Protein chains: 4
Amino acid sequence: MLKQARTLLSSRSLCDQSHSLFQGKVKASTLRGFASWSDSSAPPGRGFSDDAKPSGGGRVFAPYAIFKGKAALTVAPVLPVFAKIDSGNVCIERRGTVMMTFMPAIGQRKYDWAKKQMFALSATEVGSVISMGSKDSSEFFHDPSMKSSNSGQVTKSLSIKPYEDSKSQDGKGGYYFSLSVQNKILKTNHYLVVPVTIAEFAVMKTAFSFALPYIMGWDRLIVQGENAPQSFSTHPKTDPLQLASEWDR
Amino acid sequence: MLKQARTLLSSRSLCDQSHSLFQGKVKASTLRGFASWSDSSAPPGRGFSDDAKPSGGGRVFAPYAIFKGKAALTVAPVLPVFAKIDSGNVCIERRGTVMMTFMPAIGQRKYDWAKKQMFALSATEVGSVISMGSKDSSEFFHDPSMKSSNSGQVTKSLSIKPYEDSKSQDGKGGYYFSLSVQNKILKTNHYLVVPVTIAEFAVMKTAFSFALPYIMGWDRLIVQGENAPQSFSTHPKTDPLQLASEWDR
Amino acid sequence: MLKQARTLLSSRSLCDQSHSLFQGKVKASTLRGFASWSDSSAPPGRGFSDDAKPSGGGRVFAPYAIFKGKAALTVAPVLPVFAKIDSGNVCIERRGTVMMTFMPAIGQRKYDWAKKQMFALSATEVGSVISMGSKDSSEFFHDPSMKSSNSGQVTKSLSIKPYEDSKSQDGKGGYYFSLSVQNKILKTNHYLVVPVTIAEFAVMKTAFSFALPYIMGWDRLIVQGENAPQSFSTHPKTDPLQLASEWDR
Amino acid sequence: MLKQARTLLSSRSLCDQSHSLFQGKVKASTLRGFASWSDSSAPPGRGFSDDAKPSGGGRVFAPYAIFKGKAALTVAPVLPVFAKIDSGNVCIERRGTVMMTFMPAIGQRKYDWAKKQMFALSATEVGSVISMGSKDSSEFFHDPSMKSSNSGQVTKSLSIKPYEDSKSQDGKGGYYFSLSVQNKILKTNHYLVVPVTIAEFAVMKTAFSFALPYIMGWDRLIVQGENAPQSFSTHPKTDPLQLASEWDR
C-alpha cells in the first residue's frame, strides 16, 4: 500500500527555489515548507538553463523536484535547437534532453546548488527510463571525449536501480538514482544518490513520455502540418502518384 | 465482462450542475437525467474554483463527475500559478493539483454541495494514482500545519482501495475512494466514500496522465520553446561547446 | 506473429468517402482502392456530423474506418458543447463522445450508408474500452427513455468480445464489435458485427486515449490556464492562504 | 540491466545530416560525432519529404535516427493531406504515415543515402507496432499494384522480430527491423536490417503514439472544436433532441 504525507507549500518557496536554483545567487530559502538550500560558491554561478538559453528573459522555470535526506534531484526538459537552412526550411541542430540535476544535502533539508552535478538524458535514454519494468535497472555512460584521445578522462554515469525497503515511506520501495562523475585530470570523484519512490518515478515516466516528442522536435513537424498551406492538396485529381511516396526513388 | 448502462443526459443538466456546483447558490437541479442536489447552507458558498481564481470571468467548468448512492465525486485539474521574476523570466510559484471534491447524498440522487470536502492531489500523488495496479491501494495524508506546533489538529486522508464485488454493476469491482477529514479543534469528523468502477478509474488515469504535465507547468516549457526566438541557434558554427551543457560547472 | 497486407490508397477515395459518408448523397465510390458503397435511401440523408454541428462550413472529416466482409465501422470524436453562463464564464453543457458508426455490406466491399447504426461512447465508456485487457469483454446499453415510462422500447447495445481465430488475417484474433438496435415500437431489430484486429484495436485505444480529455472538455481548462492573465499570481506575498484551497469551506 | 554509451554530438552534425539526408546532395558529413554518409548517385536525388511536400520552404526536419553497423534507420511522421470540399468543409484526402527510411552502410559509420529504401507505416500498422509485446513479431506487406494485374511484381515487406543476445550492447536484446524490397521486373532484391534496442524501440513506441492521432488527422477535429463558434450551443433550451444524435436516422 502506498502511503504519502504532504504539507502545504509555503507561498513563497517555489519561486525562491527557482530563483536561487537557476540564477545561482547565494541565498537560503525554504522549500516545500521544510527544505532550504544555499550556494557555497561566492561568484554568481550558472545554472544549466543559462547554458541552454544564454540570452535573458522569457524563460520559464518549472522543474520537478525530489528532495531527500542526502541529496536532491530536479528534472526538466531542455528543448532542441533548430537552425534555418537554405530555402527557408528548418532543421533540428541540437537534440533536446531531459536534464537531471543532483545537489548534495548540506544539512537537514538544505542543499548546495553550487555542488550540483548534471546529467542530460538523450531521447534514447529517456526511452530506456520510460520502458523500465518494476524490477529493471538502467545505466548510462557519458564521455565528452569519447572516440578521441582524451577518452575516459572525464566520465559520468547514471545508474537507476530498484530497491525494496520495508522501512521506506511507501512500503514499496522505488529506485535509487545514482550519479557518478569522475575526473581523472582533477582527480575528483563525485557520487550522489537520491531514492525515488514509485509514485515519483511514475511522475517522471509520465512527464518524460509527454516531453519526449518535444525534445525530439516532432512537435514542430506537427505544428508545421497544421499551419502550412501545403498540407492542403492542390492537384488532388491530377497526381495519382502523390500517394506512392514510399515507392519513389 | 464489463457492463454499463447509461441514459441520455438532459439538455440542461450539466450546466445547471456546474452553475450550482461552482457558484454555490441554493438550487436544485437534475443531473444525468436522474440526479439532483441542493446547497444546505444559506449564504452564497464558495466552490474551490473561486479560491483558485478569485477574479470572475473567463473560467471554464468541466469536471468529471461520478455520482453514486451515498456520495458524489468530481475531479478537475487546477493549473499552477506563475510569477514574473526579475529579468522578464517566469517561475512556477504554486504547483497545480487535481482537485477531488466529495459531496454527501441527501436523498436519492441528491447531493449536498454545501457539505463538500476537498482533497488536492499533488503531482506526486497523481503519479501514485496513475501507477496503481489492479490490486494496489494508495493512501494520502494532508496536514496544513505539518511541522508546526498545530500539527495533527486538522488532517485529511484519502484512501483508494480495490474492491471486488460480484454484485457490482460491472461484475468486476473497482476502487473505493474514501475521504476522511478530522478536525480536533471543532471536534468534527467527516467521512465520504464513493465506489469508482474500473471504467471510471480508467477515465481518471487517462485524464490525470493528460493533466499531469500541465499541473507541473511543463507545458509552459514547451510553449516557451515553440514561440521563443532563442530556440533558433544564432552561432551554430562558432560555439562548439554549446552542446556540452551538462559538462559546464 | 502479426501479418498485414495493404494496398495503396487511390488518390480520390478518402474524400469521396467522406463526401458520401457525411453529406449522405447517393453515390458509389471506391475506398482504400477496393471498397465502395452507396446510399439506398432516395432523399438526402443526414450523417451524424450534421446532427452534431448543424450549421454548414468549417467542419473537418477524418474518421478512422475499418472495412470488413459483412459490415464497416468508422469512429470519430464528437466534441463537447459549451455554454456561456453568467459573469463571462463558460460551462460544458453537453459532454463529447466517440461516435461509432456501423454500416452493413451490400456486396463485396460495398456498404450501405443509409442503413448505418450509431453508438455514442461516453467518457466512461471510452474508459472501459481503453482499459480492456486482451481477454476482457465489454458491453454497453443505451436507452433514450431510461427512467421514463417508455423505458425499454428502443434500446441499443454494443458488445466488444475477444476472438481467437487461427484463420484470421493476423493469426492472433482481435475483438468482435457487435451493435444491436432493438425498436419494439417499429418491431425492428438491427444487428451489425465488425471483427477488429488487435492492430486496429490498438489504433482505437491510442486514438481514444488522445481524444478522451477533449471529449471531457479538459483541454479547455488547459487552454484557459495558458492564456488567462489570472494564471499569474498578483499578490504572491500578501495572500499566504491562497495555496490552501482544499482547506477552505 | 540496460547499459548505454553516448558521445557528445558535434555541433554541426545534425543539420548537415538533415541537409544531406533530405536535399539529397552529394556530401559527406559527420553524424553523432562518429557517423557520416554520402550519396552515390550523381544527380540531385529526392528525399521522401520532397515527395510529401513538393513546394520548397517551411519544412521542418527532425527524424529519429538509429545508426548501426550494417544499416541506418530514420523514422519521421508524414502528415495527412486535406482537401477543401463543398460548403467550406475540409476532408482528409490522404492519410498520414510514419515513414521509415533504411540506408545501407558503406563503411564504418558511413551510410549511402542514394540506396535508401522506404516503408510508410499506415495508422493501423503503427497500431501494430505500438501494441507489440516484448516477445511479439510483426510483418507488413505493401504492393502498389495489389488487386490489379500487376500484383506481386514489386513488393515490400517490413519484418520486426525480437532478438535476445547476451553480447548485445544493453544485454537485453531488442528487435530486428528488416526491410525487403523485391522488384521482379528489374530483378532487384534489396534487404536491409537494423537491430533496434529496447530503449530505441521505446522511443519509437512513445513517438508513434504521439504521432498517431496526427497522422489520422484527429488533431484537426480537436483544433476545429476549440476555435469553432459552433462549439458553443446557440439554443440550449429549445432543442431537447440535440443530445440524441446517435438516435437520429
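Below, chains carry the letters A, B, ... as their sequence lines are ordered, and counting in each starts from 1. Owing to the predicted nature of the structure, the values given are computational and were not obtained by experimental measurement.
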>> Return the CD1 to NZ distance between B:I130 and A:K205, rounded to the nearest 0.5 Å.
In response: 10.5 Å

> Quick one: CD1 on B:I92 to OH on A:Y64, what's the gap to the nearest 0.5 Å?
Replying inline: 12.5 Å

>> If you define the side chain from C-beta out and look only at heavy atoms, does anything of B:L212 sit under 4.5 Å from A:V203?
In response: yes

>> With heavy-atom distances below 4.5 Å as the criterion, would you say the side chains of A:V75 and B:W218 are in contact?
In response: yes

> Which heavy atom in B:M216 sits nearest to a heavy atom in A:A62, and how many Å separate them?
Replying inline: O-CB, 3.6 Å

>> Can you list everything that forms a side-chain contact (heavy atoms from CB on, under 4.5 Å) with A:A202? Sequence neighbours excluded, please.
In response: B:S131

> Which residues pass the side-chain contact (heavy atoms from CB on, under 4.5 Å) test with B:V196, sequence neighbours left out?
Replying inline: B:I66, B:L73, B:F177, B:V194, B:E200, B:F201, B:M204

